[in-house]
Amino acid sequence: MISLVLAAAIASAGFTTTPLVSLPETGGWDYLAFDEASRHLFVTRGDHVDVVDVDAGKEIGRIEGLKGAHGVALVPSAQRGFVTDGKNNSVLVFDMQTFKTISIIPLSGKKPDAIVFDKASGHVFAFNGDSHDASVIDPALAKQIGSVELPGAPEFAVSDGSGHVFVNLEDRNALASIDTRRGKVDATFDLPRCDGPSGLAIDPTRHRLFSVCGNEVMAITDATNGKQVAMLPIGKGADAAGYDSRTGHIYSSNGQSGTLTVVEGDGADHYRVTATVPTQRSARTLAVDTKDGTVFLSAAELSPAPEGKRPTPVDGSFRILAVSAPR
């Protein structure tokens with residue numbers, strides 16, 4: 001009979017999980033963003049953003065002045081970063097080198113969450129969960145210049161770099177496609193058998209979108225026509241997806257299961273799960289380093305909670321994990 005240790009090794013397929021750095025302040029967390037040029041990881045922590053040097057394995061800075069930080073979009077050409085503040089209905093602009101706040105952009109939308117930079121239009125799009133729209137920001141002017149009405153409640157978003165941004169619509173079990181040059185939705189794609197899509201990643205070369213869903217599946221969609229090309233099992237409590245353009249790996253971080261699902265494609269329309277990597281319960285958001293294939297996840301120990309209530313993080317236990325791909 002195969003041993004449990006050997007079975008775990010086979011399931012992990014050579015991936016290893018190690019702690020990278022502890023960030024012991026209390027509080028929750030949300031999205032991660034990674035800048036490969038500087039090797040800096042930006043970790044949203046409610047009232048601030050921690051900045052981690054991943055090569056040194058230590059915190060090197062902090063972005064303050066927030067009430068409810070959610071997402072971070074980076075514009076490397078301008079050395080500017082943009083953080084959504086869901087409790088302030090605003091976006092904070094910071095210097096990517098000094099981490100100092102430059103300005104606060106008030107938004108017309110309500111409860112901004114996900115945020116993405118679209119290189120084709122040169123604009124930043126902040127997605128507002130309560131008002132069901134996206135605020136369009138000119139990063140050079142550091143102000144909102146428009147908005148895009150959405151046909152549902154937005155979750156995570158990605159840019160294809162060629163003039164379209166895609167966003168999961170959590171309440172519609174669908175995806176919206178935004179023409180970023182025209183500033184309007186040009187298509188909505190249903191996601192059959194996907195309940196509550198949250199995390200989203202894109203393979204811009206093969207034009208494939210990867211939505212992770214609340215019913216423990218990943219829906220893979222053709223970005224050109226909305227056709228669903230595959231549906232794969234993932235873990236429970238997924239809140240983020242990632243794509244590594246160097247290896248072709250697609251990832252789902254499953255917070256309730258405490259696992260990272262690894263998916264690989266055999267061509268554009270055939271995908272399979274190749275590994276289920278143990279991480280830590282609560283590790284639900286991620287960022288990918290395509291230079292060496294490392295996946296960064298944020299996690300904390302959770303205290304027991306009464307039935308029907310969400311568990312709370314144990315004070316001082318928050319940390320960043322690094323999942324290393326096989327060499």
Side-chain angles (χ1 to χ4, degrees), residues 30-38 40-44 49 51 63 65-150 153-169 175-186 199-202 204 240 285 287:
D30 206 350
Y31 297 126
L32 301 171
F34 183 59
D35 177 40
E36 291 190 1
S38 66
H40 293 163
L41 181 70
F42 298 88
V43 185
T44 57
V49 177
V51 186
I63 301 157
L66 296 147
K67 290 185 178 180
H70 286 288
V72 179
L74 304 174
V75 185
S77 60
Q79 284 297 291
R80 296 290 183 264
F82 298 78
V83 186
T84 50
D85 190 336
K87 292 184 178 180
N88 255 345
N89 295 325
S90 64
V91 167
L92 181 148
V93 186
F94 67 91
D95 186 300
M96 288 177 58
Q97 295 180 326
T98 66
F99 318 129
K100 300 296 185 183
T101 297
I102 295 171
S103 64
I104 305 291
I105 304 172
L107 302 181
S108 60
K110 305 302 180 186
K111 200 175 180 182
D113 187 1
I115 188 168
V116 65
F117 173 60
D118 174 63
K119 190 174 181 179
S121 65
H123 294 152
V124 172
F125 291 76
F127 291 86
N128 306 304
D130 281 0
S131 53
H132 294 192
D133 59 6
S135 299
V136 185
I137 294 168
D138 184 324
L141 300 175
K143 72 174 185 179
Q144 181 179 342
I145 59 170
S147 62
V148 179
E149 185 177 349
L150 299 170
E155 252 291 338
F156 203 73
V158 293
S159 170
D160 67 359
S162 302
H164 280 88
V165 162
F166 300 89
V167 58
N168 279 330
L169 302 176
L175 275 161
S177 167
I178 299 172
D179 182 325
T180 59
R181 294 185 178 94
R182 297 172 61 206
K184 61 174 60 179
V185 173
D186 62 3
L200 181 65
I202 186 170
T285 53

Only one of V75, I145, L107, V93 clears side-chain contact (heavy atoms from CB on, under 4.5 Å) with I137; which?
L107

Side chains of L175 and L200, heavy atoms from C-beta outward: is any pair under 4.5 Å?
yes

Side chain to side chain, L66 and N88, heavy atoms closer than 4.5 Å:
no

Rounded to the nearest 0.5 Å, what separates atom CG in D95 from atom CZ in R80?
5.0 Å

How many angstroms lie between CG in L92 and CG in D85, if you round to the nearest 0.5 Å?
7.5 Å

Taking every non-hydrogen atom, the tightest pair across E155 and A114
O-CB, 3.2 Å

Is it the case that the side chain of T44 and the backbone of Y31 share a donor-acceptor pair, with hydrogens and angles ignored and the cut-off at 3.5 Å?
yes

In Å, rounded to the nearest 0.5 Å, how long is the span from OG of S38 to CG of L74?
8.0 Å

Shortest non-hydrogen contact from K67 to K87?
O-CD, 3.5 Å

Does the side chain of I105 come within less than 4.5 Å of S90's, by heavy atoms?
no

Residues T285 and L32: closest non-hydrogen pair is O-CD1, 3.9 Å

Indicate whether any N or O donor in one side chain lies under 3.5 Å from an N or O acceptor in the other, for T84 and D113.
no

Working for side chain to side chain contact (heavy atoms under 4.5 Å, CB included), residues V51 and I63:
CA-CA 8 Å; V51 186; I63 301 157; 4.1 Å; yes

How far does OG of S103 sit from NZ of K143, to the nearest 0.5 angstrom?
12.0 Å

Ignoring hydrogens, what is the shortest heavy-atom contact between V49 and V83? Give both atom names and the distance.
CG2-CG1, 4.0 Å

R181 CZ to S162 OG distance, which is reported to the nearest 0.5 Å
7.5 Å

Assess the residue pair D133 and S147 against the criterion (side chain to side chain donor-acceptor pair (under 3.5 Å)); give the C-alpha distance rounded to whole Å, side-chain angles, the decisive distance to 0.1 Å, and a yes or no.
CA-CA 7 Å; D133 59 6; S147 62; 4.9 Å; no

Qualifying residue, where the test is side chain to side chain donor-acceptor pair (under 3.5 Å) with H164 and the options are T180, D186, D179, D118:
D186

Using a 4.5 Å cut-off on heavy atoms from C-beta on, say whether the side chain of V116 contacts that of F156.
no

Ignoring hydrogens and angles, state whether a donor on the side chain of H40 or D35 is under 3.5 Å from an acceptor on the partner side chain.
no

Using 0.5 Å steps for rounding, measure from the CG atom of D130 to the NZ atom of K110.
9.5 Å

Please report the closest heavy-atom contact between V136 and H123, naming both atoms and the distance.
CG1-ND1, 3.8 Å

Shortest non-hydrogen separation from A73 to V124 and the atoms involved:
CB-CG1, 4.4 Å

Below 30° counts as parallel, above 60° as perpendicular, anything between as tilted: where do the rings of F94 and F42 land?
tilted

Take F117 and F82 through the test ring-ring contact (aromatic ring centres under 6.0 Å, His included) and record every step on the way to the result.
CA-CA 9 Å; F117 173 60; F82 298 78; 8.2 Å; no

Within-4.5 Å side-chain heavy-atom neighbours: P112 and N89
yes

